[in-house]
Chemist: 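Below is a structure I'd like to ask you about.
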Amino acid sequence: MSADSHPIPTPTPFATTSTGKDRVLADLALVAHEPGVRKPDPIVVADSVTRHFGGMTAVDVDHIEIQRGAITALIGPNGAGKTTLFNLLTGFDHPSTGTWTFEGKSLSGVAAAKVARSGMVRTFQLTKALSRMTVIENMRLGATHQPGESLFTALIPPLWRAREKEITVQAEELLERFKLGAMRDEFAGSLSGGQRKLLEMARALMSKPTMVMLDEPMAGVNPALTQSLLGHIIALRETGTTVLFVEHDMHMVRHISDWVIVMAEGRIVAEGPPEEVMANQAVVDAYLGAHHDTDLGDDSLLADEVMEQLEAEALEEKR
Amino acid sequence: MDRSPTAHRVLLATLFALLALAGAVLPVGAAQAAEQVCVADASTGCINGTIKTAAGAPAVGIVLTVAGSDGEHIATTGADGRWSVAVTAAGEYTVSLDETTLPAGETLRDPSKNPRTVTAEVGNTTGALFPLGAPTAAPAPSDGATSADGTTGADAAVGTPTGSESGGGVSWLRVGQQATSGLIFGILLALASVGLSLIYGTTGLSNFAHGEQVTLGGILAYVGCQTLGLPLLVSGIIAVAIAAASGWFQDAVLWHPLRRRRVGTTQQMIVTIGLSMALQYSYQYFFGGGALRIVTENPTMLSLGQIRVTLHSLISVIIAVLVLAGVAYFLLKTRIGRATRAVSDNPALAAASGINVEGVIRMVWTLGAGLAGLGGVLMGLYLNATSWNMGGALLLLMFAAVTLGGLGAAFGALVGSLVIGLVVEMSSLVIPSDMRYAGALLILILVLLLRPQGILGRAERIG
Amino acid sequence: MSTDSTTAVATGDPSSVHRGAPAGEPLLAATDLVAGYLPGVDILSGCNLVVHPGELVGIIGPNGAGKSTLLKALFGLVTIRSGTVTLKGEDITNNAADALVRRGVGFVPQNNNVFPSLSIEENLQMGLYQAPKKWAERFEFIVDLFPTLGERRGQRAGSLSGGERQMVAMARALMMNPSVLLLDEPSAGLSPVRQDETFIRTRKINRAGVSIVIVEQNARRCLQICDRAYVLDQGRNAYSGPGRQLMNDPKVIELYLGTLATDVETATTKPDLLPGSSTPPTP
Amino acid sequence: MDWTRILTNVAGEIIAPTTAAYALAAIGLNIHFGLTGLLNMGQAGFMLLGAYGFAISTIAGWPLWAAVLVAIACSAIFALLLGIPTLKLRGDYLAIVTIAAAEIVRLVGRSTALTDLTGASSGLRGNSYKDTFQDASPFADGTFALGPFEYSTNSSNSWWIRIVAWAVVGLACWLVWLLMRSPWGRVLKGIREDEDAVRSLGKNVYAYRMQSLVLGGVIGAIAGIIYVLPRAVQPDSMGRPMTFFVWTVLLLGGAATVFGPVLGSIIFWASLMLIKSVMRDGVPESIMRTEQIEQFGWVVVGVTLMLLVIFRPQGILGDKKELAINVR
Amino acid sequence: SDDGGGSDETDASADASPLIIGTLLPQTGTLAYLGPPEIAGVELAVQEINEAGGVLGADVEVENADSSDADHAEVATQSVTDLLSKDVQVIIGAASSSVTLNVVDDITGAEVVQISPANTATSLSGYSPFYFRTAPPDTVQGAALANLITGDGHSNIGILVFNDDYGTSLRDVVKATVEEAGATVTYGNAGEEFDPAASSFSGDVTALLATSPDAIVILAFEQTKLIIPELIAAGVDPTTLYLVDGNTADYSADFEPGTLEGAQGTIPGAFPSTEFQAKLKELNPDLTDYAYAPESYDATILAALAAVKGGGTDGPTIQENLASVSGADGGTEVSTFADGVAALEAGDDIHYVGQAGTGSFNEDNDPSSASIGVYKFDASNKPVFVKGQEGEVPES
Ligand SMILES: Nc1ncnc2c1ncn2[C@@H]1O[C@H](COP(=O)(O)OP(=O)(O)OP(=O)(O)O)[C@@H](O)[C@H]1O
Ligand SMILES: Nc1ncnc2c1ncn2[C@@H]1O[C@H](COP(=O)(O)OP(=O)(O)OP(=O)(O)O)[C@@H](O)[C@H]1O
Ligand SMILES: [Mg+2]
Ligand SMILES: [Mg+2]
């Protein structure tokens with residue numbers, strides 16, 4: 001069955017009739033399915049970005065473009081360099097070589113905070129909850145344009161109260177959607193692993209970014225909740241937000257992404273729409289594996305050959 | 001040490017020179033010149049001086065004239081080079097030296113100061129000096145003058161072999177000497193800082209009472225040697241054992257319960273400040289505020305080439321190096337040693353790996369306190385005395401060393417200590433001595449700017 | 001793709017999937033556990049769990065349900081306020097973690113599951129802390145399982161990617177060759193092929209006689225492989241039963257599993273149990 | 001034992017200028033540590049710079065307001081100099097850098113090289129710079145008694161300094177109260193928890209830290225002025241023990257609270273006075289010699305401090321729940 | 001401390017309340033070793049005063065309080081509060097000039113007389129009409145020491161001096177005097193002081209010896225114990241060592257016999273004081289060191305005599321009469337409290353000649369002269385009196 005047409009339990013008005021999706025699909029329709037391909041309306045363009053750690057090359061990207069307004073998935077084996085690429089693009093790490101632009105402006109060498117302010121906001125794979133602040137405070141911190149964040153305005157509450165109210169309303173809405181409403185006044189440090197992931201994502205969305213980069217947003221999140229959150233991500237596309245996410249959950253990738261980029265050993269090895277990329281034999285061999293659609297309860301899987309095959313695949317992935 | 005024959009000769013020559021000098025200055029020599037020597041009393045004042053040749057030998061038979069309100073007095077230097085006149089009225093006196101009576105080849109160092117005017121008081125002694133030597137500003141006798149006279153470098157100077165180099169400025173010998181002291185100090189400091197670093201590394205606690213652990217070692221050794229009269233070795237071993245036990249005990253009654261109650265490390269840090277206060281003043285209560293000499297014997301000096309070290313410090317350094325090597329082996333090669341790093345990274349996971357976390361921490365406290373105690377004993381010997389605040393005074397240097405080397409990296413603390421030791425002892429070559437700690441701290445800041453993670457620390461990955 | 005074999009198992013009697021021995025003495029049992037972190041706030045409020053020898057037990061549930069807390073409580077990392085935990089009949093309530101390791105319990109935590117400043121090799125050595133003599137043998141075994149780890153043995157775990165860390169975490173727990181294994185989301189952050197590998201390996205380990213408790217958000221996969229499963233919600237057992245049965249329970253699907261990933265199974269499971277089962281299978 | 005006298009003295013400590021100065025210094029430190037998580041172990045350095053700046057410019061003939069501005073400027077520049085290179089470092093490194101920098105200030109201040117400016121180790125005499133402040137008093141000279149408290153109105157340890165000091169403390173509390181509840185304070189708190197996370201949200205962590213360092217440092221400098229007004233500028237009295245006491249005061253009262261520093265300071269100095277007076281009067285010399293009584297007094301102070309933290313680790317006003325969140 | 005009990009005459013005596021003397025001396029902190037002898041000096045004086053009938057018929061009381069060191073400045077402040085609340089009229093202290101500077105305004109502002117037994121800082125000269133000191137002025141001791149050195153014929157003089165008022169101002173005098181006599185200060189010039197908090201002195205000793213001095217002066221306190229072994233080990237001849245009042249002490253328990261034999265030191269004060277020391281030791285058997293005990297003793301006696309002379313125990317009265325009893329107006333020389341009272345009762349002006357050998361107070365309330373004793377260490381490292389020297393304080 002088609003994942004798209006499947007009814008989603010939580011009411012998400014944008015889920016199916018997505019004008020944004022149509023637009024993006026139309027834009028991407030003519031784009032060739034090859035690594036490093038040019039896109040009609042790229043928001044991020046990066047050239048020859050490399051990052052070495054000692055002797056190993058974690059990232060070695062010749063050319064990559066992210067389509068504006070699209071939901072792009074970045075997949076690839078463990079250690080492929082996805083997170084490192086995120087770190088480089090968002091200014092949390094410094095590349096060995098390379099330049100990139102965001103909305104036409106060069107962002108290479110720009111500090112992380114400035115990158116975020118320019119509209120490119122990311123989340124972390126290993127969550128960074130602000131432990132001794134409450135959930136709602138975490139959320140408020142994500143907002144932008146709060147005049148009270150400047151030292152002198154902070155001293156005159158009337159100057160920032162109104163904005164604070166707006167922020168709080170927005171934060172509470174997001175919390176409800178991310179099933180964190182009940183935790184509003186708890187310390188973020190007391191959240192469970194999955195709840196932290198959710199908070200991290202919700203907090204990033206507070207700033208209404210032009211582009212949001214999610215690093216494995218759904219790892220550790222309950223599937224039922226994942227499903228309801230996908231609606232939210234799709235809704236982001238409707239508002240014109242560009243989404244780039246790393247994810248190992250293929251159902252999610254298949255369900256919401258307009259475009260998939262595959263990384264391996266630091267390089268871009270394949271690009272294309274999800275159905276096609278996932279049918280690509282190389283991707284299946286190196287990343288998805290032969291059993292990704294198999295019921296693992298099958299005893300025959302316990303045969304030694306299967307293990308060997310899996311190991312071979314894992315090695316392939318490594319190579 | 002293979003150069004010891006030379007060293008011995010230098011030492012012997014020095015001793016002879018010393019004896020000669022002592023003979024000249026000691027009251028024994030004064031006896032024969034007794035009839036000349038003026039003693040100031042209610043009605044007389046004295047003007048006196050001693051004249052020595054450039055080589056430092058007494059200059060005999062020099063004639064001086066002292067003229068003033070109560071007339072003219074003539075004095076001649078005696079066998080010890082001394083002269084003196086008694087005056088009966090206070091006021092200004094002109095002292096002139098008859099240059100013709102100078103021994104052959106001697107000149108006044110500063111001829112313009114002859115004659116010179118002094119103010120004498122009744123009941124007081126006033127000096128008037130006429131230094132002999134080459135007419136330069138250089139205060140020390142030059143090499144040429146020394147060898148011309150055939151004596152060793154230990155002439156006029158108070159018997160130090162360093163005199164042979166041109167004095168005052170920075171000589172290589174002085175650099176070497178201070179570098180040696182720096183290394184010794186650094187290695188001994190390392191004993192203390194490695195313990196501090198271990199405790200910080202495993203528990204995240206900045207232990208401001210660590211200095212008192214160091215003091216404890218020193219004071220226990222003092223008690224052993226001075227109060228109980230035990231031999232140094234025995235009291236040293238007992239001191240280290242008790243110091244280590246105190247670490248065990250402290251963790252058992254204080255830090256373990258605090259950790260169990262999840263008291264944060266900053267709060268624990270304040271507890272260490274309180275503990276440090278309580279301990280410092282307890283030491284003061286029992287042992288007073290003065291310096292305590294662990295052993296009263298004067299240190300035996302050894303010469304390594306031209307560099308002097310005391311036997312005590314040499315042995316101390318050897319002990320310290322052995323112990324530090326042992327600690328290094330323990331940390332790197334033993335299971336428990338590795339476990340300390342695991343505990344410092346992630347105590348819960350360490351427990352999940354089957355490590356007895358509390359046991360490891362207890363062991364670290366014991367080891368850290370034991371090392372500090374040993375550091376205290378050796379430091380007390382090296383510094384010639386211990387006192388109630390010896391450790392407290394060193395604490396900042398220890399922290400600097402630990403940070404410099406990379407927080408929590410035990411070897412970093414070792415490297416950091418050596419750097420700090422060298423900087424502290426050598427910075428007085430270039431900056432005022434009372435600012436040398438400032439110099440060490442400045443170096444610390446600079447190193448941190450270049451290598452924020454410390455010398456041996458590693459940068460962390462984000463994301 | 002081996003759709004055939006999947007069908008064979010899935011359409012069979014659910015009880016045939018269940019290989020543990022639900023009857024008899026439990027190996028590990030928790031009764032009416034109450035536990036929490038902050039004073040006065042109970043996260044687990046009367047939670048029960050039974051693991052029989054050789055059983056593979058899954059725990060699923062929404063985020064914040066208390067799954068990790070339950071594992072930590074079993075393992076002595078969270079204080080149990082009331083209730084008991086027994087291992088082979090002996091009371092081990094609030095026993096220290098290292099004592100449990102000595103008794104053959106292994107644990108892979110969800111977060112912070114490596115020692116970041118230690119190298120991979122040292123991480124593994126920590127896993128074998130109580131039996132350093134077996135190092136050579138066990139290390140070979142692990143390198144066999146995770147060749148990457150062998151090659152990178154000198155790299156500091158703190159610099160590893162998310163997936164690589166997860167491998168280190170799993171490998172560390174396997175070092176001691178435990179007889180009871182508590183896994184908290186072992187597949188999170190792994191690539192699909194590694195996830196499969198992890199699940200299949202978990203089963204193999206289980207087959208070799210190790211009793212396993214596995215907490216997963218990859219819930220379908222988890223239910224596929226486990227003998228029996230618990231659904232935890234708000235610190236209490238909400239459902240329990242054989243994995244297959246829960247997987248097809250509409251209530252469980254709606255509340256905990258979602259339908260996003262049902263595309264594989266829909267073709268083969270009982271159509272009447274599934275909402276939206278009328279949709280055609282994916283090509 | 002004369003309890004009325006002792007209790008009067010203890011009560012007197014509550015309003016003493018030293019108490020106010022420490023409260024103020026701790027308020028500054030609270031902005032650093034409580035709000036931003038900066039481990040400033042050199043607050044005494046800021047205070048000493050403030051004191052030097054004030055005293056030296058007053059001695060040079062500058063008016064009161066200018067001297068205060070000089071003090072503020074000195075500490076602000078010091079904060080900038082310290083902050084530019086170090087605020088990018090991990091917290092623990094900042095601790096050692098600040099403690100080192102404060103020691104450098106003290107050692108340079110007391111070195112003979114600067115005798116003309118700083119008076120080297122003997123420092124600057126109190127009566128050489130107190131005049132401008134005392135002249136600014138609206139009161140007539142003399143002494144004034146309020147209940148059991150009798151102080152001179154203007155000179156040195158006076159009512160005037162008490163009034164000004166506590167007014168400044170009140171002002172600073174109000175400032176912190178406003179800031180803590182403001183979005184600015186929220187960003188600082190975020191930085192305290194995880195700077196990378198805050199950075200990823202587009203806040204310039206460096207700038208915020210710098211603002212916090214300067215603000216707290218300036219408050220420290222003003223505390224320094226208040227501290228030296230009733231005494232003299234002594235480089236040695238503003239060294240590490242002072243920094244430790246400021247920390248103690250802060251954590252005693254409760255970090256990240258508005259009134260914690262004030263309460264901490266009052267409790268610290270009042271109990272020091274109480275313990276010492278009681279020891280002095282209550283322990284007969286047949287048991288301990290007089291100097292032993294004083295030393296034992298300090299031991300009691302140290303132990304009391306430990307017990308206070310052990311039994312109330314979050315401080316008197318702190319939030320226990322916050323402490324229970326394990327961040328390690 | 002006053003065990004005399006209420007004497008019968010108290011009621012019959014003048015309207016003055018009993019004289020209460022406060023001490024503000026270092027009992028804790030880095031100078032704590034200076035406290036016990038000073039306190040013993042005060043207590044000995046009080047004991048003698050009370051044995052002689054007290055002041056104006058009432059026993060003198062002592063209230064001790066800690067001044068600590070400059071590092072703990074608040075302690076002295078609190079102690080002053082404590083002392084003032086006990087209505088003391090005289091405060092003996094502090095030992096450290098830094099501490100004095102911190103509290104002097106509070107004390108003198110309350111019109112309480114402060115007499116320091118140990119302050120030497122020039123910045124304290126004439127600080128307040130209520131501030132006095134009995135410590136020998138640097139100018140006298142420094143000059144005496146310098147003359148001793150030059151008299152021994154040393155022309156290259158190295159000074160190990162700590163950067164503290166006591167050290168640097170004494171150094172300045174020594175330097176000026178020896179240079180006038182034609183000698184050179186090879187080490188220890190401005191900028192070559194060591195930090196009093198320093199713990200290791202090998203660098204300083206090396207630097208000093210590199211200048212090849214033929215005499216070495218140590219201007220320090222307790223640090224001396226750490227420095228001397230360093231010097232001796234470096235081969236320095238003890239006969240070329242010179243010490244001052246802050247460190248000329250009995251080192252028989254600290255160094256092996258002969259270590260200091262022939263070294264010389266200056267201590268202000270009349271000789272012999274062994275009897276005085278024995279009395280102090282009786283009061284506090286743990287005493288090992290007597291630095292500033294005579295000055296503290298004198299300060300107490302002077303204050304008591306001033307009260308007797310003025311017929312009142314209040315601060316201003318004592319302040320007015322202190323200079324006079326110290327001999328500023330001349331008069332009968334007395335050396336004990338009892339003699340002083342007798343002379344005063346006879347209507348004479350008196351000139352108290354005390355243990356410290358300092359002269360009457362000058363206009364700045366500093367001692368106008370001092371007699372300096374020269375001591376030489378014997379084989380057991382004890383200082384033995386050699387001769388005395390008298391010195392005037394030059395008018396400033
Ligand atoms: N600071 C570092 N030092 C050394 N190696 C590093 C560092 N950071 C990353 N690496 C290595 O670079 C490679 C890429 O890491 P990265 O985190 O980008 O992988 P990833 O694609 O995000 O993988 P995953 O899906 O497992 O999260 C990994 O092999 C990792 O070990
Ligand atoms: N360290 C902690 N301190 C305080 N409260 C905590 C802590 N960890 C968890 N909690 C509380 O316990 C609840 C359950 O947490 P737990 O980690 O057990 O959930 P979980 O079922 O494992 O969720 P997830 O699937 O998201 O990992 C959380 O919602 C939180 O309120
Ligand atoms: Mg990653
Ligand atoms: Mg969990």
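Chain A is the first sequence line, chain B the second, and so forth, proteins listed ahead of strands; every chain is numbered from 1. Source: prediction; values computed, not measured.
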Chemist: Working to the nearest 0.5 Å, report the span between CG of A:L130 and CZ of D:R186.
Modeler: 11.5 Å
Chemist: For the pair D:W184 and A:S150, evaluate side-chain contact (heavy atoms from CB on, under 4.5 Å) and give the outcome as yes or no after the intermediate values.
Modeler: CA-CA 6 Å; D:W184 186 82; A:S150 123; 5.8 Å; no
Chemist: Counting only non-hydrogen atoms closer than 4.5 Å, does A:A143 touch chain D with its backbone (N, CA, C, O), its side chain (CB onward), both, or neither?
Modeler: backbone
Chemist: What's the separation between atom OG in D:S200 and atom CE in A:M213, rounded to the nearest 0.5 Å?
Modeler: 11.5 Å
Chemist: If you count heavy-atom pairs under 4.5 Å between each of A:P209, A:A113, A:P147, A:G142 and chain D, which one has the most?
Modeler: A:A113
Chemist: So, do D:P183 and A:E164 sit near enough that their side-chain heavy atoms are less than 4.5 Å apart?
Modeler: yes
Chemist: Is D:Y206 close to chain A through its backbone or its side chain, or both, or neither, when contacts mean heavy atoms under 4.5 Å?
Modeler: neither
Chemist: Quick one: does A:Q146's side chain get under 4.5 Å of D:V187's, heavy atoms only?
Modeler: no
Chemist: Which bit of A:S207 comes within less than 4.5 Å of chain D, counting heavy atoms only: side chain, backbone, both or neither?
Modeler: neither
Chemist: Using modelled atom types only, decide if a donor and an acceptor are shared between the side chain of A:R117 and the backbone of D:G202 within a distance under 3.5 Å.
Modeler: yes
Chemist: How far does CG of A:N138 sit from CD of D:E193, to the nearest 0.5 angstrom?
Modeler: 8.5 Å
Chemist: Would you check if D:R192 and A:R132 make a side-chain contact, meaning some heavy-atom pair closer than 4.5 Å?
Modeler: yes
Chemist: Rounded to the nearest 0.5 Å, how far does CG of A:L155 lie from CH2 of D:W177?
Modeler: 12.0 Å
Chemist: Can you measure from CG (D:L201) to CZ (A:R140) and round to the nearest 0.5 angstrom?
Modeler: 15.0 Å
Chemist: Using side-chain heavy atoms (C-beta onward) and a distance below 4.5 Å, is D:L179 in contact with A:L151?
Modeler: yes
Chemist: State the CD-CG distance between A:E149 and D:N204, to the nearest 0.5 angstrom.
Modeler: 11.5 Å
Chemist: Please check if atom CH2 in D:W166 has more than 12 non-hydrogen atoms from other residues, nucleotides or ligands closer than 6.0 Å.
Modeler: yes
Chemist: At a heavy-atom separation under 4.5 Å, does A:R203 approach chain D through its side chain, its backbone, both, or neither?
Modeler: both
